[in-house]
Structure formats: C-alpha cells, structure tokens
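Below is one structure, written out as structure tokens; comments come after it.
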Amino acid sequence: MNANFASIMPQTIACWCEQDGHNVTLVCYTGFEDLRQELPAPLDIVFIGAFTQSAQLAYALSRVYQSEGAVTVLGGPHARCYPEDAQSYFDYVVGFTDRAVVREIVADCAPHRPQGTHIVAAQQPATLPGVRERWKFIEATLKKAPYLKIVPMIGSLGCPYTCSFCVDSTVPYQQLELEVMKEDLRFLLTKFKRPRVGWHDPNFGVRFDDTMDAIEAAVPPNSIDFIAESSLSLLSEPHIHRMKKNGFKALLPGIESWFDLGAKSKTGSNVGMAKVKVVAEHINMILAHIPYVQTNFVMGLDNDIGPEPFELTKTFLDMAPGAFPAFSLLTSFGQAAPLNLQYQREGRVIPFPFHFLNNNHAMNVKIKNYAWTEFYDHVIDLTRYACSKRMMGRRLRANGASIPGVLNLVRAMSTEGRGRIKFYSGIRNKLEMEAPFRAYFEQESTDLPAFYSDRVHSDLGPFSKWLPENAMHHDPYAYLKSEIARGNGNGNGNGDGHIAEPAAVTNSIEV
Ligand code: B12
Ligand code: SF4
C-alpha cells in the first residue's frame with residue numbers, strides 16, 4: 001500500500017498541531033525508513049496511526065519511544081476497533097478525533113501507565129483540513145511514490161446505509177465542506193499537470209449531484225484522474241456518464257456476496273445466479289465508460305453453503321472479465337461493526353494475532369458451513385481461476401493494452417494473486433497435516449501455532465525485541481465484555497440485561 005495510500009488523519013493531526021504552534025515531524029513509515037534519521041530526538045509526544053495489521057509494530061514503536069521519555073498516542077482503525085487492548089501499550093488511545101481531542105491530549109501530555117486513557121470525540125469532526133493545508137505533508141509522503149502519485153482527499157464521513165458488517169453503518173452521513181473541496185481541486189491543478197486523486201470517502205457520491213456540481217464548478221471536465229470506492233446502488237448509468245466526463249478512472253464497488261447484502265448493490269431480492277447476472281451486466285456497463293473496476297468480495301459469510309458461492313463467482317468472472325476481483329476472508333475487527341457482537345456472542349472469534357488481520361492472512365471467525373480444509377480448497381480454487389492464464393488473457397483483452405490492463409496483470413501475478421495461492425495452500429496443508437494447527441482453527445486449543453508467532457517476529461525484524469510481553473495475544477471478546485460492563489445486557493445494545501448467549505460462548509469467554 002505504502003505512500004500512495006497513506007491516511008488523511010495523520011496529516012490532519014500534523015496540521016492541527018503545527019497550527020497550534022508545535023514543532024511537528026510527520027513520517028509515513030513504509031517499513032524501509034530509518035526512523036532514527038527521520039525523527040528528531042528527543043520527542044515529547046508521538047502520535048501513531050495504525051491499521052490492525054500494523055498493531056504489533058505500533059505497540060513495539062510505542063515501547064521504543066516511551067523508553068526514550070516520550071508520551072504516545074494511538075489513533076486510526078486499530079484504536080477504533082481494539083481500544084481496550086491498545087490501552088495497555090499507549091498513554092492515550094483515541095476513537096473519533098477532532099481538534100479539541102488533540103488539544104486536550106497535547107495539553108495534558110502525561111504518561112498514563114500501565115493503562116492508557118481512552119478518549120473519543122462525541123462524533124466525527126465537522127471539518128478536516130483540505131489539500132492546500134495538508135500539502136507540505138502530502139508532498140513529503142508522495143516523494144516516496146516515484147511512479148504513481150495519488151493525492152488523498154475526502155468529501156464525506158459516515159454512510160446512510162446500514163450494512164451490519166461495516167464500521168460506518170452506525171456513523172451518520174456527513175458531507176464535508178464543498179468549498180474546501182473546490183479550492184483543493186483548483187490548487188492541485190497548480191501542482192500537477194494531471195493530478196490523480198484517491199477519494200477516501202467510505203461511500204463516494206452519496207450526495208452525488210452536490211459533489212459532482214462542486215467538481216464541475218472547480219475544474220475543467222476530465223482534468224483530474226479520480227479513484228473512488230462506491231456502492232453499486234450509487235453507480236447508475238447516468239451517474240457513470242457524469243463520472244466519466246469528469247475524469248473518474250477507477251471505481252471499487254463492493255459486491256461482497258451472492259446471497260446477502262442486496263441493498264448495497266441495488267439487486268433487491270435477487271440472490272444466487274439472478275444476482276450474478278444483474279451485477280455482471282452492471283459492471284460491464286461501468287467498464288464501458290470507466291477503464292478500471294475492482295470488484296470486492298467477502299468469502300466465508302454465514303449465508304454461504306457448499307461450492308455454489310464460489311462457482312457463482314467464477315461465472316461472474318466469465319461474464320465480466322474486465323473487472324479485477326479482490327477477495328477478502330471474513331474478518332471481525334473487534335468493535336468495528338454491530339455484526340461482530342453476534343460473532344462474539346456465538347463464541348466464534350479466533351484470536352489470531354493482529355498482524356494477520358488484513359482480510360487475507362487469517363479468517364478470525366469460525367466458519368459456519370464448511371470444514372476448514374474444504375473452505376480453503378474453494379478459496380484456492382477460486383483464486384487460481386481468477387489468476388489463471390486464461391482469465392488473465394480474457395481480462396487483458398477486455399482492458400486492452402492500457403495501464404489498467406497491465407496493472408491487472410501485475411496484480412494477478414504478484415503477491416496479491418499468485419502469492420496468495422501459495423500462502424493459502426500452505427495453510428491448507430498445515431490444517432490437514434498438523435493436528436495442533438487444526439485444533440487452533442477449530443477452537444479446541446488456544447495454543448497459538450508457532451507458525452504465526454514466528455512470522456510476527458520475523459516481520460517485525462529489529463523491532464521484534466520491543467514487542468511487549470503478551471502483545472502477541474488479545475482478548476477476542478473484549479467488545480462483548482465492554483458492552484455488558486456498560487450495562488448493555490447481552491451486548492446487543494438494548495440494555496435489557498437479558499443474557500442470551502448460547503452454550504459455546506459461556507465455554508469460551510469469561511464475563
Ligand atoms: C479509505 C479506506 C481505505 C483506503 C485508504 C487507506 C488509508 N490509509 O486510510 C485504501 C483503499 C487504500 C484502504 C486499504 C485498506 N483497508 Co481500508 N478503509 C478505508 C475506509 C473506507 C475509510 C477510512 C477513512 O479514511 N475514513 C475517514 C477518516 C477521517 O475517518 P476514520 O477512519 O473513521 O478515522 C477517525 C478516527 O479513527 C481517527 N483517526 C484515524 N486515523 C488516525 C490517526 C491518528 C494518529 C489519530 C490520532 C486519529 C486517527 O480520526 C478520524 C476522525 O474521527 C475504511 C472503512 C470506513 N468506512 O471507515 C476502511 C478500513 C479502514 N480499511 C480496512 C482494511 C482492512 C484495509 C486493508 C487491510 C484492506 C486490504 N486487505 O487491502 C487495506 C490496508 C491499507 C493500509 N494502509 O495498510 C478496515 C480496517 C480494519 C482495521 N481495524 O484494521 C476498514 C475499517 C474497513 C473494514 N473492513 O471494516 N482502505
Ligand atoms: S454502503 Fe459501504 S460504507 Fe455504507 S454502510 Fe454499507 S459497506 Fe459501509
């Protein structure tokens with residue numbers, strides 16, 4: 001992912017602190033930098049933004065800087081999903097973050113150990129600094145992306161849809177200031193001949209006309225390349241025409257499942273093959289106008305049974321060969337989504353180390369309708385199909401000899417495609433051959449297989465020795481316990497105090 005996909009919030013925190021008169025250094029750490037060179041010493045306070053897959057690295061870095069006298073703060077997806085765990089390793093852990101929260105922390109700037117302070121703003125911030133304000137930090141970050149430079153922008157927060165698996169399903173939709181957006185787009189044209197903008201909106205274009213009116217008022221048609229994640233329900237043909245006119249070059253709609261989540265893809269009650277046909281037609285319509293489309297799927301959902309979901313995805317790939325399929329294994333990221341409470345109540349969450357929670361390296365929900373080896377066989381078979389020479393050839397013919405065509409080839413042949421087949425095959429073989437490995441997946445044992453702990457240590461490299469004791473493990477039921485502790489009864493948020501957990505959960509968690 002590296003510098004092209006750096007988050008907006010660390011740049012925001014940097015702007016806010018600098019505007020308040022502090023000396024700030026921002027580093028987008030891609031794993032290659034020498035942090036001793038990049039950061040001044042001594043440091044008073046270190047803010048770290050991390051996804052869950054980087055949590056263990058973040059914990060180790062916190063220990064490094066705390067040992068040198070700094071106060072540490074964790075924010076970002078991991079802090080939002082696993083605050084209780086992170087509090088053991090940071091002085092402050094923040095959820096929603098606005099300017100007041102940052103000021104409060106910087107004013108206090110005191111160690112809070114062994115248990116960090118958890119601070120959450122009442123809601124998402126009303127405004128965020130635009131590109132012009134963040135430019136100094138964006139420019140330094142993009143220097144690390146020599147070939148393809150993508151400027152991160154955001155036009156909205158939250159989402160009006162309520163997909164129960166999504167972190168934004170309970171966050172009210174909020175359009176950010178359109179005047180800031182317009183100014184930013186004009187500003188970018190002074191910096192690049194043809195800028196490339198990646199929208200970080202959870203669901204781009206909810207207020208479609210307002211957003212497109214703003215783009216059209218700010219810059220000439222098709223003068224900037226845009227990339228956006230959007231739900232299919234927003235990508236109607238008239239909308240696609242308008243997006244094409246304005247330079248949208250890549251769209252990443254979520255399909256997720258053939259048997260669930262119809263509202264998001266506007267396929268109504270269509271499921272199975274009926275949904276495949278409707279969605280393939282829709283994707284082909286988009287591909288007729290937008291050169292790059294990535295379709296996102298989740299594998300291992302509770303509604304999936306037998307080979308059918310996987311076979312339907314293959315049929316879809318045949319029907320819409322131009323789209324690049326991105327497959328995720330069902331992952332329950334702590335407090336991210338209401339649905340996670342259900343998995344926790346059912347006692348089905350497996351505590352794989354955070355390092356593997358990136359939608360691919362581990363599926364941390366005990367699968368409902370498959371044996372693990374059977375499931376991995378399907379996953380491997382489908383990934384092979386998607387990356388086969390035949391499929392790559394069809395994709396290339398559909399994309400033409402273009403940047404999207406080449407990009408798709410590279411993705412299929414890289415760690416994302418063939419690399420994953422190798423990784424999944426290794427897991428599948430261990431599941432068959434190694435009883436303790438299988439027992440961990442089956443929740444019959446809580447002894448973490450050495451395969452996982454060894455890999456965490458080897459990936460952390462020199463930071464491995466700073467990984468705090470116990471940081472390899474976390475409580476996968478922390479969310480449910482915190483809901484119960486807050487008086488939310490069985491953790492379903494209705495506060496009725498009615499404990500309805502099935503037997504499995506009483507065996508596996510202590511409340
Ligand atoms: C845009 C986006 C992306 C973009 C940009 C990524 C980036 N670097 O930000 C792209 C497409 C590149 C991407 C990639 C991935 N993503 Co993504 N992505 C999102 C998305 C849709 C929006 C996030 C966003 O920017 N929101 C706007 C900001 C302003 O709001 P916010 O995130 O709520 O942040 C608030 C607080 O958390 C806090 N905050 C945030 N960061 C920081 C940092 C500091 C220092 C502080 C103090 C505070 C703070 O302040 C904000 C305001 O209140 C979310 C889903 C969602 N709907 O939120 C998933 C999400 C963040 N992604 C997710 C995942 C899993 C991934 C991938 C691993 C997927 C994959 N397999 O490739 C990769 C990993 C990328 C990486 N860098 O390692 C998960 C993360 C779960 C987790 N706990 O780790 C999410 C939550 C989706 C999900 N599955 O539920 N993603
Ligand atoms: S449409 Fe997308 S962003 Fe909105 S709630 Fe559903 S998954 Fe989340």
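The analysis underlying the following values was restricted to heavy atoms, covering all of them including side chains, and did not include hydrogens, waters or symmetry mates. Remember, it's 1-based here, ligands and their atoms both numbered in the order they're listed.
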Output yes when R132 and D184 qualify as a salt bridge under the 4.0 Å nitrogen-oxygen rule, no when they do not.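 Between D184 and R132 there is no salt bridge, as every charged N stays at least 4.0 Å from the carboxylate O atoms.
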Please determine whether a side-chain nitrogen of the Lys or Arg among K481 and E84 lies less than 4.0 Å from a carboxylate oxygen of the Asp or Glu.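 No, K481 and E84 are not salt-bridged.
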Mark up the atoms of ligand 1 that fall under 4.0 Å of a heavy atom belonging to [X], in ascending order.
X	value
P77	61 (C), 80 (C), 82 (C), 83 (N), 84 (O)
P202	21 (C), 57 (N)
G95	36 (C), 38 (C)
N360	71 (N)
A6	8 (N)
F5	6 (C), 7 (C), 8 (N), 12 (C)
V167	55 (C), 56 (C), 57 (N), 58 (O), 86 (C)
G49	43 (C), 45 (C)

By salt bridge (charged side-chain N to carboxylate O under 4.0 Å, His left out) - contacts of E68 (at least two apart):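 Salt bridge (charged side-chain N to carboxylate O under 4.0 Å, His left out) list for E68, sorted by chain: R36.
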Less than 4.5 Å apart, any side-chain heavy atom of P476 and any of N364?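 No, side chains not in contact.
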Mode of [X] contact toward ligand 1 - side chain, backbone, both, neither (heavy atoms, under 4.0 Å):
X	answer
F333	side chain
N359	side chain
L157	side chain
V171	neither
T97	both
D201	neither
S7	both
D98	neither

What do you reckon, are the aromatic ring centroids of [X] and [Y] less than 6.0 Å apart?
X	Y	answer
F248	F204	yes
H78	Y59	yes
F441	F352	yes
F310	Y385	no

Nearest candidate to [atom], where distance is taken over non-hydrogen atoms, out of [options]:
atom	options	result
atom 1 (C) of ligand 1	Q294, H200, Q53, H78	H200
atom 19 (C) of ligand 1	E229, Q335, R80	E229
atom 45 (C) of ligand 1	V102, V93, V101, I48	I48
atom 56 (C) of ligand 1	L128, N358, D168	D168
atom 51 (C) of ligand 1	Q123, M9, H361	M9
atom 66 (C) of ligand 1	W199, F47, F51	F51
atom 49 (C) of ligand 1	G76, A3, C163	G76

Could you tell me the separation between the CG atom of N2 and the OG1 atom of T30, rounded to the nearest 0.5 Å? 5.0 Å
State whether the side chain of [X] and the backbone N or O of [Y] hold a donor-acceptor pair below 3.5 Å, judged by distance alone.
X	Y	value
D225	K249	no
H378	P309	no
Q11	F137	no
T211	R207	yes
D91	T72	yes

For ligand 1, is [X] a contact, meaning one of its heavy atoms is under 4.0 Å away?
X	answer
C159	no
I8	no
V73	no

Under the side chain to side chain donor-acceptor pair (under 3.5 Å) rule, what do E133 and Q19 come out as? Steps first, then yes or no, please. CA-CA 10 Å; E133 273 183 87; Q19 286 163 4; 2.7 Å; yes
Quick one, Y161 with S233, criterion side chain to side chain donor-acceptor pair (under 3.5 Å). Give me CA distance, side-chain angles, the key distance, then yes/no. CA-CA 10 Å; Y161 290 80; S233 53; 2.7 Å; yes
Atoms in ligand 2 flagged as close to F165, the criterion being non-hydrogen separation under 4.0 Å: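 Those qualifying, in numeric order: 7 (S).
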Using 2.8 Å as the threshold, say whether any N, O or S atom from C159 sits that close to atom 6 (Fe) of ligand 2. no
